[in-house]
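These notes concern the structure reproduced below.
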Amino acid sequence: MEKLAIVILAAGLGKRMKSDLPKVVAKTREKTLILHVLETAGKLLPEKLVVVTGFKRSLVEDEIKKGASQAGVVYENVSIAEQTAQRGTGDAAKAAVPFLQGFSGTVLILYGDVPLLRVDTLQGVLMRHHKDKATVTLLSAHHSNPKSYGRIVRNEKSGQVERIVEAKDCSPQELLIHECNTGICAVDSAFFAPSLESLKSENAQGEYYLTDIVEKAHKEGQIVSSVVADDPLETEGVNTLSDLAQVNQVLLNRSRTALLNSGVMMEDPDSVFIDPLSTVAPGASIGPNVQIRGKCCIESGVVIEGSAYLNNTIVKEGARLKFSVRADEAIIGKNAQIGPFAHLRPGTELSEDVHVGNFVETKKAFLAPGVKASHLTYLGDCKVGARTNIGAGTITCNYDGYKKYETIIGEGVFVGSDTCFVAPVNVGDGATIGAGSVITKNVAKDSLALTRGPLRTKPEWSRMKRELNKKTK
Ligand code: UD1
Ligand code: CA
């Protein structure tokens, strides 16, 4: 293989983004545009890697410094060139020339605002370039809506690429061409610098277009070769916020496909949102309308029935999240069963085999293995021992209007329905709490605590009341 140098153009303003920031530091759902391109470039192991900066150079440079290792590139191996005024892509490429002194081989140009390109596609361009012994090889793409992309003009008979015309310079006929320039091209280093010197800015935008080197090569009788991208979506350039949204959609689809291919089941992948920082293990199953946000970790065998919102949450092996669960900064233990309609707030830690049922809310709550809180309960600022059963309607009253206090419940405790624990309070192992109790003092191990008033019944009371109100029934 010939030697490879890569030049990334990233000096532009990005006016169409309507932002004060340079466009290449705009962020997709994964990372900034420049880091996407840097990562792809790094994978081709170039001999030289030059990034052309300009508009708010320091912001772009800082981003590269900060993110180089994440992008798999050694920052010290990246040369930062500067284009002092933004006079077009041809002028930007020229700024890279001094950094390529003494280099002989292929110069691959990448645009900092084309983030989705796959390494395989670029390798295809380089292979064609070498195979055809071309001077210039460009990557084109067919777009049903070619927007502001440059159009590829081919010779009608031979099909040879003759030139690239920017949309703003196109004749009405040329605008009908659907084969577009992606900006990506491989150029022979011997042709690179001299061709840039000869560029003129006599065009609709008064800019030096890098794309004009194609016409120059063609007119000189040099070989101009081309590769058509299999998937036009991966060549999408980001010029507007709407382009950015489209790129995010593609990235999201890529993560869904990657999960499906790895063995994660998804009934309706289009309705599943997965943050790039989250992981889902093969063998997990995800139903419709699920959001997995932040840094979640979903282990194997987990079933999420559907309509769940999980943020920074760990769901361990075999746990089942029934319909409609919201969990934020929570840990859900192995084989636990949650929901339907459960709300796990930050600091919730549920151990193995815990059941948290419908209309149960937890916050800063540690539930030891086998604890069951199946219905209508609030457990906040509490620790609950193994196998304890929390009856329906139980509340830990953790707040007195000023401060928060803790409730500690031991192992194997039976908590009757409609119990209030007025914290701070402790309940010993094996205790029983009678239904309807308000527990304001510590309860000793193995005892029964009951605050209910004695039951009174008045025979015939209801009948007499009915008669008094002249009712027959
Ligand atoms: C460019 C191509 C167009 C192609 C499209 C693909 C040219 C003349 N046009 O148009 O044929 O279809 O990309 O996405 O090349 N930049 C600089 N300095 C400058 C101007 C731009 O570094 O003076 C950088 C930008 O930061 C950006 C890239 O070059 O990363 C492309 O610039 P942009 O202005 O977005 O070009 P397009 O109009 O999209
Ligand atoms: Ca662009």
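Note that the structure is a prediction, hence the values are computed from the model and not measured. Every number for a ligand or one of its atoms is a count from 1 in the order of the listing.
The only option from Lys404, Lys364, Lys363 that meets the side-chain hydrogen bond (donor to acceptor under 3.5 Å, both in side chains) definition with Asp381 turns out to be Lys363.
Per-residue contacts place Ala92 under 4.0 angstrom from the following atoms of ligand 1 (heavy atoms of the residue considered): 17 (C), 18 (N), 22 (O). Close contacts between ligand 1 and Thr182 involve ligand atoms 6 (C), 14 (O) [criterion: under 4.0 Å to a heavy atom]. If you number the atoms of ligand 1 from 1 as listed, the ones under 4.0 Å from a heavy atom of Tyr209 come out as 8 (C). Taking every heavy atom of Gly150 and a limit of under 4.0 angstrom, the matching atoms of ligand 1 come to 3 (C), 4 (C), 11 (O), 12 (O). The Gly112 neighbourhood of ligand 1 comprises atoms 30 (O), with distances under 4.0 Å to a heavy atom of that residue. Here is the list of ligand 1 atoms found below 4.0 Å of a heavy atom in Lys23: 35 (O). Atom numbering of ligand 1 starts at 1 in the shown order; those under 4.0 Å from a heavy atom of Arg87 are 23 (O). Near Thr211, with a cut-off below 4.0 Å to any heavy atom, the atoms of ligand 1 are 7 (C), 8 (C), 11 (O), 15 (O).
The existence of a salt bridge linking Arg57 and Glu82 is confirmed by a sub-4.0 Å separation between a basic side-chain nitrogen and an acidic carboxylate oxygen. No salt bridge links Arg154 with Glu162; every basic N to acidic carboxylate O contact stays at or beyond 4.0 Å. Salt bridge annotation for Lys31-Glu39: present, with a cationic side-chain nitrogen under 4.0 angstrom from a carboxylate oxygen. Using a 4.0 Å cut-off between charged side-chain N and carboxylate O, Arg163 and Glu174 make a salt bridge. Glu305 and Lys322 are not joined by a salt bridge, as no carboxylate oxygen comes within less than 4.0 angstrom of a charged side-chain nitrogen. Between Lys147 and Asp243 a salt bridge is recorded (basic side-chain N to carboxylate O distance below 4.0 Å).
Shortest contact from atom 36 (O) of ligand 1 to any protein heavy atom: Arg16 NH2, 4.3 Å. Looking only at protein heavy atoms, the nearest one to atom 12 (O) of ligand 1 is Asn181 O, 2.6 Å. The nearest heavy-atom contact from the protein to atom 18 (N) of ligand 1 is Gln83 OE1, 2.8 Å. Here the heavy atom of the protein found nearest to atom 26 (O) of ligand 1 is Gly12 N, 2.9 Å. Nearest protein heavy-atom contact of atom 1 (C) of ligand 1 is Tyr111 CE2, 3.5 Å. Of all protein heavy atoms, the one lying nearest to atom 11 (O) of ligand 1 is Glu166 OE2, 2.7 Å. At the shortest separation from atom 23 (O) of ligand 1 among protein heavy atoms lies Gly88 N, 2.8 Å. In terms of protein heavy-atom proximity, atom 32 (O) of ligand 1 is closest to Thr89 CG2, 3.9 Å.
Using a 4.0 angstrom heavy-atom cutoff, Val52 does not count as in contact with ligand 1. Ligand 1 is never approached by Asp91 to a heavy-atom distance shorter than 4.0 Å. Residue contacts with ligand 1 include Ala10, since one of its heavy atoms falls under 4.0 Å from the ligand.
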Run the side chain to side chain contact (heavy atoms under 4.5 Å, CB included) check on His375 and Val360 step by step: do they pass?
CA-CA 6 Å; His375 336 262; Val360 173; 5.6 Å; no

Begin from the C-alpha positions of Leu199 and Leu210 and carry the test side chain to side chain contact (heavy atoms under 4.5 Å, CB included) through to its verdict.
CA-CA 8 Å; Leu199 291 179; Leu210 175 63; 5.5 Å; no

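The shortest N or O to N or O distance between Asp113 and ligand 1 is below 3.5 Å. The shortest N/O to N/O separation between Leu9 and ligand 1 falls below 3.5 Å. The shortest N or O to N or O distance between Ala11 and ligand 1 is under 3.5 Å. Here's the thing with Val24: none of its N/O atoms is less than 3.5 angstrom from an N/O atom of ligand 1.
Around CG of Asp120, the count of heavy atoms belonging to other residues, nucleotides or ligands within 6.0 Å exceeds 12. Counting heavy atoms of neighbouring residues, nucleotides and ligands inside a 6.0 Å radius, atom NZ of Lys372 does not exceed 12 of them.
Aromatic ring centroids of Tyr149 and His143 lie under 6.0 Å apart. Two rings, from Phe341 and Phe323, have their centers less than 6.0 Å apart.
A cation-pi arrangement is present between Arg29 and Phe273 under the rule of less than 6.0 angstrom and at most 45 degrees off the ring axis. Judged by the 6.0 Å distance and 45° axis criteria, Lys48 is not positioned over the aromatic ring of Phe103.
Annotation for Ala336 and Ser351: closest pair CB-O, 4.3 Å, computed over non-hydrogen atoms.
For the atom pair NZ of Lys216 and OG of Ser195, the computed distance is 7.0 Å after rounding to the nearest 0.5 Å.
Around the Ca ion (ligand 2), the protein contributes the following N, O or S atoms at distances under 3.0 Å: Asp113 OD2, Asn239 OD1.
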